[in-house]
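To start, the structure under review is shown below, and the notes come after it.
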Amino acid sequence: MSHYQAAPAPPVGPRSAARAARAVRRPGSLTALVWTSVISAVSAVIGAVLVFAGGNDLADENIRDVIDDHPDVVGLPSNTTAADIKTLSGPIWDELVSERAGTLSARAGFAIFTAVCVLIFTLCVRKNAATWARVLITISGVVALFPHILILGDYEPESVMAFSFVALLATLVAIVLCWLPPINRYARERKAGPPVS
């Protein structure tokens, strides 16, 4: 009759014992990453919805505001008003409004697309803080900055600019949060599996 002996357990050092004693705790910075990404996406979508809901009326108001406040930006004399331009050129004004509405809608559509990408990758990162998901949040976040930079650098409607500013700041914070040491550590620990007891 043969006897099988179990292999002796490896010695447990102080580090291994401490690691085994505590469960993998989700860092607060990961929660902050999820919330800032959600705030970024929601702000971008609200701003885009305002653009789509406003349509040509929003574009018309936007052009009037720019001409009345900053006529030099569009190459007009400083005392020119939007009413002067509109009375002189009805069809040209309509074309100008239509073109501006198209520009606003294109930026809004791109902002929604990038917001959805950030939100999807955030849902992927919230449990394990996987590196691939954080990389994709970073890439889509950087791409998401472009429409907001265009919006903030242009004479957009104030309501759209406010939501775009919030989205831009939240996106920058989310990008930074992705790579903080507690999240990196959490991702490594989750990848390594549950601690051995």
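Worth saying up front: this structure is predicted, and the values here are computed from it rather than measured.
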Does [X] have more than 12 heavy atoms from other residues, nucleotides or ligands lying within 6.0 Å of its [atom1]?
X      : atom1 : answer
Phe146 : CZ    : no
Phe113 : CZ    : no
Arg126 : CZ    : no

hydrophobic_cluster_shared for [Y] and [X], side chain cutoff 4.5 Å:
X      : Y      : value
Leu150 : Val143 : no
Ile151 : Leu172 : yes
Leu33  : Val116 : yes
Val38  : Leu169 : yes
Ile112 : Phe121 : yes

Discussion item. As a quick check of understanding, evaluate side chain to side chain donor-acceptor pair (under 3.5 Å) for Thr131 and Arg134, giving each step before the final call.
Written reply: CA-CA 5 Å; Thr131 303; Arg134 290 184 289 140; 3.2 Å; yes
[X] side, atom [atom1]; [Y] side, atom [atom2] - distance, nearest 0.5 Å:
X      : Y      : atom1 : atom2 : result
Ile46  : Ser164 : CD1   : OG    : 12.5 Å
Arg185 : Arg190 : CZ    : CZ    : 15.5 Å
Lys127 : Tyr186 : NZ    : OH    : 8.5 Å
Glu158 : Asp65  : CD    : CG    : 7.5 Å
Asn128 : Arg26  : CG    : CZ    : 9.5 Å
Ile137 : Thr36  : CD1   : OG1   : 8.5 Å

Any side-chain heavy-atom pair from [X] and [Y] closer than 4.5 angstrom?
X      : Y      : value
Ile39  : Val166 : yes
Trp179 : Thr138 : yes
Leu136 : Trp132 : yes

I need the minimum non-hydrogen distance between [X] and [Y], along with the two atoms involved.
X      : Y      : result
Asp154 : Met161 : O-CE, 3.9 Å
Ser29  : Pro182 : OG-CB, 3.7 Å
Gly141 : Thr171 : O-CG2, 3.3 Å
Pro157 : Leu104 : CD-CD2, 4.3 Å
Leu58  : Leu50  : CD2-O, 3.8 Å
Thr122 : Ser37  : OG1-CB, 3.0 Å

Worksheet entry | From CA spacing to verdict: salt bridge (Lys or Arg N to Asp or Glu O under 4.0 Å), Glu156, Arg107 | CA-CA 11 Å; Glu156 300 262 348; Arg107 290 176 183 170; 2.4 Å; yes
